[in-house]
Amino acid sequence: MQTLTPPSSYNLNKPLIRTCTRQQPNRICSVYRSDSVQFQNGIGLSRADWQSSCAILSSKVVSQEQPSSDKSADHVAAVNGHKTSIDLNLVPIDQTNNKPMTMQPQKPLTITDLSPAPMHGSQLRVAYQGVPGAYSEAAAGKAYPNCEAIPCDQFEVAFQAVELWIADRAVLPVENSLGGSIHRNYDLLLRHRLHIVGEVQLPVHHCLLALPGVRKEYLTRVISHPQALSQCELTLTKLGLNVAREAVDDTAGAAEYIAANNLRDTAAIASARAADLYGMQILADGIQDDSSNVTRFVMLAREPIIPRTDRPFKTSIVFAHDKGTSVLFKVLSAFAFRNISLTKIESRPHRNRPIRLVDDANVGTAKHFEYMFYVDFEASMAEVRAQNALAEVQEFTSFLRVLGSYPMDMTPWCPSRGDD
Ligand SMILES: O=C(O)C(=O)C[C@]1(C(=O)O)C=C[C@@H](O)C=C1
């Protein structure tokens with residue numbers, strides 16, 4: 001089979017073909033470029049070639065996928081998207097030395113599978129949602145210093161960029177200490193087949209930005225990413241800014257939009273770096289409602305990493321059960337009995353079966369909402385206690401998928417000033 005070598009680099013200053021309506025240069029809106037691209041062997045491809053290559057790759061990705069991970073949630077247990085009736089044995093134990101082998105090998109290992117994950121991120125192409133100056137770009141830099149950060153129009157596009165080999169990793173926000181979970185990304189994690197291979201926690205330091213010369217009194221609206229607006233709500237009110245709030249795709253995009261349209265009545269909530277990049281002045285600095293404002297990002301890759309036990313690891317799973325919340329206590333006790341701490345639990349609507357009806361001839365019909373449960377726990381899938389816990393979880397659930405087992409972000413705590 002002919003292997004398509006992914007493009008070695010992109011010049012992000014060149015406009016990209018876009019399918020979106022808003023004019024936002026320098027980011028991926030679709031999965032192809034307007035100009036010809038250079039592949040590693042130096043052969044230039046026309047736009048049509050590149051589009052058809054992407055289409056071929058795309059159809060392969062789609063055909064390899066199960067119809068939908070949450071579709072398989074009925075009746076048959078599923079692990080990592082594969083329906084199974086056999087016991088969960090995510091990490092086989094080598095009988096000769098009683099040590100865990102690798103996690104769920106689905107194809108023969110090659111030498112590249114065994115090489116350690118790059119530590120410095122150099123030459124890694126990392127997709128993020130937003131434009132330069134967005135916090136997601138800073139998270140990509142923290143996760144993979146010296147990487148090539150690739151701006152994407154939407155979260156969905158960042159997933160596709162990795163699936164189609166345009167990027168090696170995607171970095172996505174999943175939760176913020178003030179604003180809470182970014183639900184869209186939980187849903188996308190389930191819809192796509194990428195693996196969580198790491199996490200970074202980024203202190204987020206927001207500024208109020210306006211065009212040079214603009215004063216607070218001139219403002220009639222503040223625009224930003226909905227998370228940023230919610231993280232600064234109280235402070236905006238304290239600043240006397242009882243003006244309209246408007247949600248846009250990302251913080252830096254808000255600054256770019258104001259600058260591009262010369263809007264003198266509008267301010268953006270964004271990073272100091274966005275102010276530099278788009279020629280804005282900082283009207284107020286550190287406007288998040290709490291100085292310990294941290295966003296947690298996860299890094300996604302096409303392949304999982306091999307879990308280890310020589311440093312703290314976290315594992316993320318998602319599960320569902322035909323009887324919904326009634327089994328939740330039993331599932332969580334599988335972790336409690338093994339002294340495994342949970343760091344996060346999130347529920348999302350079960351898209352394929354949102355309502356469960358329970359009929360009682362005497363009293364009528366109870367309508368229960370159905371959920372997918374996302375749990376992060378502090379253990380590596382290379383640990384026997386984690387494997388046993390998941391084997392037990394599988395007994396109580398009709399659908400179970402391991403989203404990834406990855407090193408925890410253990411960087412020292414410094415909430416006062418963000419990496420922006
Ligand atoms: O808009 C950005 O700058 C982003 O990177 C997105 C995002 C988010 O989705 O939560 C990331 C970090 C901050 O919490 C605010 C916004």
Side-chain angles (χ1 to χ4, degrees), residues 20 22 24 26-29 126-144 147 149-159 161 167 169-189 199-209 222-236 245-259 267-278 280 282 285-300 344 346 409 415 417-420:
C20 45
R22 236 179 73 198
Q24 285 163 330
N26 300 345
R27 63 170 143 172
I28 298 184
C29 296
V126 182
Y128 69 95
Q129 193 257 341
V131 297
Y135 298 101
S136 299
E137 185 200 40
K142 179 175 177 189
Y144 304 109
C147 70
I150 302 179
C152 297
D153 177 63
Q154 301 163 34
F155 290 130
E156 173 87 48
V157 176
F159 278 83
R169 301 281 187 277
V171 170
L172 296 155
V174 284
E175 57 177 323
N176 172 270
S177 54
L178 294 174
S181 293
I182 291 127
H183 295 136
R184 173 90 183 123
N185 282 338
Y186 280 91
D187 296 342
L188 286 171
L189 280 171
E199 67 166 10
V200 285
Q201 292 171 344
L202 188 83
V204 171
H205 184 97
H206 288 303
C207 302
L208 187 70
L209 310 184
V222 176
I223 64 173
S224 196
H225 186 281
Q227 272 282 339
L229 288 169
S230 83
Q231 292 160 27
C232 302
E233 183 51 43
L234 295 176
T235 315
L236 288 182
R245 316 318 193 212
E246 233 174 74
V248 294
D249 287 346
D250 68 284
T251 56
E256 184 196 40
Y257 179 71
I258 292 171
I269 300 173
S271 64
R273 178 170 141 76
D276 279 352
L277 288 174
Y278 305 110
M280 309 280 282
I282 297 177
D285 198 348
I287 58 164
Q288 61 280 358
D289 292 341
D290 189 295
S291 63
S292 48
N293 183 32
V294 177
T295 299
R296 176 173 168 250
F297 294 79
V298 291
M299 289 94 86
L300 305 176
K344 163 92 179 159
E346 180 70 47
D409 183 350
R417 181 77 219 172
D419 293 2
D420 49 331

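Side-chain atoms are counted along with the backbone in the values below, which use heavy atoms only and exclude waters and symmetry mates. When a ligand or atom number is given, it counts from 1 through the structure's own listing order.
Closest approach of Gln231 to Leu178, counting heavy atoms only: O-CD1, 3.8 Å. Closest heavy-atom contact between Ser136 and Pro173: OG-CD, 4.0 Å. Contact record, Asp250 with Ala134: OD2-CB, 3.9 Å, taken as the closest heavy-atom pair.
At the shortest separation from atom 8 (C) of ligand 1 among protein heavy atoms lies His225 CE1, 3.6 Å. Here the protein heavy atom with the shortest distance to atom 5 (O) of ligand 1 is Ser136 OG, 2.6 Å. Ranking protein heavy atoms by distance to atom 14 (O) of ligand 1, first place goes to Thr295 OG1, 2.8 Å. Atom 1 (O) of ligand 1 has Thr251 N, 2.8 Å as its closest protein atom, hydrogens excluded (heavy atom only).
For the side chain to side chain donor-acceptor pair (under 3.5 Å) criterion with Tyr135, the lone passing option out of His225, His205, His206 is His206.
When side chains are defined from C-beta on, Phe159 counts as touching Asn185, because their heavy atoms get closer than 4.5 Å.
For ligand 1, the atoms sitting less than 4.0 Å from at least one non-hydrogen atom of Gln227 are 10 (O), numbered in the order shown with element in parentheses. Annotation for ligand 1: atoms under 4.0 Å from non-hydrogen atoms of Ile182 are 10 (O).
Remark: side-chain polar atoms of Asp285 are not paired, donor with acceptor, to backbone N or O of Cys207 under 3.5 angstrom.
Under a 4.0 angstrom heavy-atom cut-off, Glu137 registers as lying outside contact with ligand 1.
Applying the side-chain contact (heavy atoms from CB on, under 4.5 Å) rule to Ser177 yields the partners Asn293, Val294; only residues at least two apart in sequence or on another chain are considered.
In Pro173, the part holding a heavy atom less than 4.0 Å from any atom of ligand 1 is the side chain.
Of the N or O atoms in Asp250, none lie within a sub-3.5 Å distance of an N or O in ligand 1.
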